[in-house]
Visitor: 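Sharing a structure here in structure tokens format.
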Amino acid sequence: LSSSSAASDVYKRQRQKELEKWLKIVIIAVALCGLVVCAVAIPWIGHVLIAPDPQISDMYIPWLVLFIISAIPCYVILYLGWRVAVNIGKDRSFSLENARHIKLASKIILFDALYFFVVNVCMWRIYVNHPGVILALVFIVFACVVASVVAAVLSHLVVKAADLQEQSDLTI
């Protein structure tokens, strides 16, 4: 019975390490895609948009700065995701540390959405933005709020699971 339990533990640890590896690969891929978007796609799209109408060239730099500053919290969230992946690899999926990381990510998502919304409204007020962009922004902010709520709920569930795991460990 103990040898099958040991084999089961080894198999479980291997699965945790494999999950950690895949999560890290996804995080690296997202970080690289974000880098390409921020360093290549957004500047290129900006130049394409201002080429036919040089009068709107004043909008290029403010928008570029908006997107670059908005990307910084995304990379902080990726770092927190990396930390969660490391804990999963160490078989600490349901830990208070992971719950704190997820809750912090939730707050960062909400902050970034608020920042993006406020800056866009300010840019619209000084005529560096288009009203149609504001309408699209509502959907982006809504998606960010949904992601923030989902992360907050996930954090709460991880805390509950950590408490149950701790009680279970104390019982045995």
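Any value given below was found using the heavy atoms of this structure, including those in side chains, with hydrogens, waters and symmetry copies removed.
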Visitor: Quick one: CG on Leu78 to CD1 on Ile27, what's the gap to the nearest 0.5 Å?
Guide: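 Leu78 CG to Ile27 CD1: 6.5 Å, rounded to 0.5 Å.
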Visitor: Does a side-chain heavy-atom distance below 4.5 Å link Trp82 with Ile28?
Guide: yes
Visitor: Is Phe67 reachable from Leu64 through a run of hydrophobic residues whose side-chain heavy atoms are each under 4.5 Å from the next?
Guide: yes
Visitor: Rounded at 0.5 Å granularity, tell me how far SG in Cys74 sits from CG in Asp112.
Guide: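 Separation between the atoms: 5.0 Å.
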Visitor: Do Val65 and Val76 belong together in a cluster built from hydrophobic side chains that touch within less than 4.5 Å?
Guide: no
Visitor: Restricting to non-hydrogen atoms, name the atom on Ala99 and the atom on Val159 that form the minimum distance, rounded to 0.1 Å.
Guide: CB-CG2, 3.3 Å
Visitor: Can you tell me if Asn120 uses its side chain to pair, donor with acceptor, with the backbone of Phe116 under 3.5 Å?
Guide: yes
Visitor: Please tell me whether Phe117 and Ile140 are part of a single hydrophobic cluster in this structure, the criterion being side-chain heavy atoms less than 4.5 Å apart.
Guide: yes
Visitor: With a 4.0 Å cut-off on N to O distance, would you call Lys12 and Asp91 a salt bridge?
Guide: yes
Visitor: As a quick check of understanding, evaluate side chain to side chain contact (heavy atoms under 4.5 Å, CB included) for Leu110 and Cys144, giving each step before the final call.
Guide: CA-CA 7 Å; Leu110 202 54; Cys144 289; over 6 Å; no
Visitor: Salt-bridged, Arg83 to Glu97, with N to O below 4.0 Å?
Guide: yes
Visitor: Short question: side chain of Tyr75, backbone of Leu35 - any donor-acceptor pair under 3.5 Å?
Guide: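 At least one qualifying donor-acceptor pair exists.
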Visitor: Flag the pair His47 / Tyr60 as yes when at least one side-chain heavy-atom distance between them is below 4.5 Å, and no otherwise.
Guide: yes
Visitor: Is Trp124 reachable from Ile126 through a run of hydrophobic residues whose side-chain heavy atoms are each under 4.5 Å from the next?
Guide: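 Yes.
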Visitor: Is it true that atom CD of Glu166 has more than 12 heavy atoms of other residues, nucleotides or ligands lying nearer than 6.0 Å?
Guide: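 Not buried by this count: 12 neighbours or fewer within 6.0 Å.
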Visitor: Give a yes or no on whether the backbone of Ser148 and the side-chain of Ser106 come within a donor-acceptor separation of less than 3.5 Å.
Guide: yes
Visitor: If I compare all heavy atoms of Asn98 with all of Val158, which pair ends up nearest, and what's the gap?
Guide: CB-CG1, 4.3 Å
Visitor: Quick check: is Ile69 connected to Leu66 through a chain of hydrophobic side chains (ILVMFWY, heavy atoms under 4.5 Å apart)?
Guide: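 Hydrophobic grouping puts Leu66 with Ile69.
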Visitor: Work out which heavy atom in Pro43 is nearest to a heavy atom in Ala39; give both atom names and the distance.
Guide: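 Looking at all heavy atoms of both residues, the shortest contact is CG-O, 3.6 Å.
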Visitor: Taking all non-hydrogen atoms of both residues into account, name the closest pair between Ala85 and Glu20 and its distance.
Guide: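 That would be O-CG, 3.2 Å.
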Visitor: Check whether any side-chain heavy atom of Lys160 lies under 4.5 Å from a side-chain heavy atom of Leu164, and answer yes or no.
Guide: no
Visitor: Rounded to the nearest 0.5 Å, what's the gap from CG on Leu80 to CG on Leu104? Could you check?
Guide: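 It is 5.0 Å, given to the nearest 0.5 Å.
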Visitor: Flag the pair Glu18 and Lys21 as a salt bridge only when some basic side-chain nitrogen lies within less than 4.0 angstrom of an acidic carboxylate oxygen.
Guide: no
Visitor: Counting heavy atoms not belonging to Lys24, are there more than 12 under 6.0 Å from its NZ?
Guide: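 Enclosed: over 12 neighbouring heavy atoms sit under 6.0 Å from NZ of Lys24.
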Visitor: Test your reading of the model: is there a side-chain donor-acceptor pair from Asn87 to the backbone of Ser93, 3.5 Å cut-off?
Guide: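 A pair under 3.5 Å: no.
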Visitor: Which pair of non-hydrogen atoms, one from Pro73 and one from Ile108, has the smallest distance, and what is that distance?
Guide: CB-CG2, 3.5 Å
Visitor: Check whether any side-chain N or O of Gln16 sits under 3.5 Å from a backbone N or O of Ile88 as a donor-acceptor pair, and report yes or no.
Guide: yes
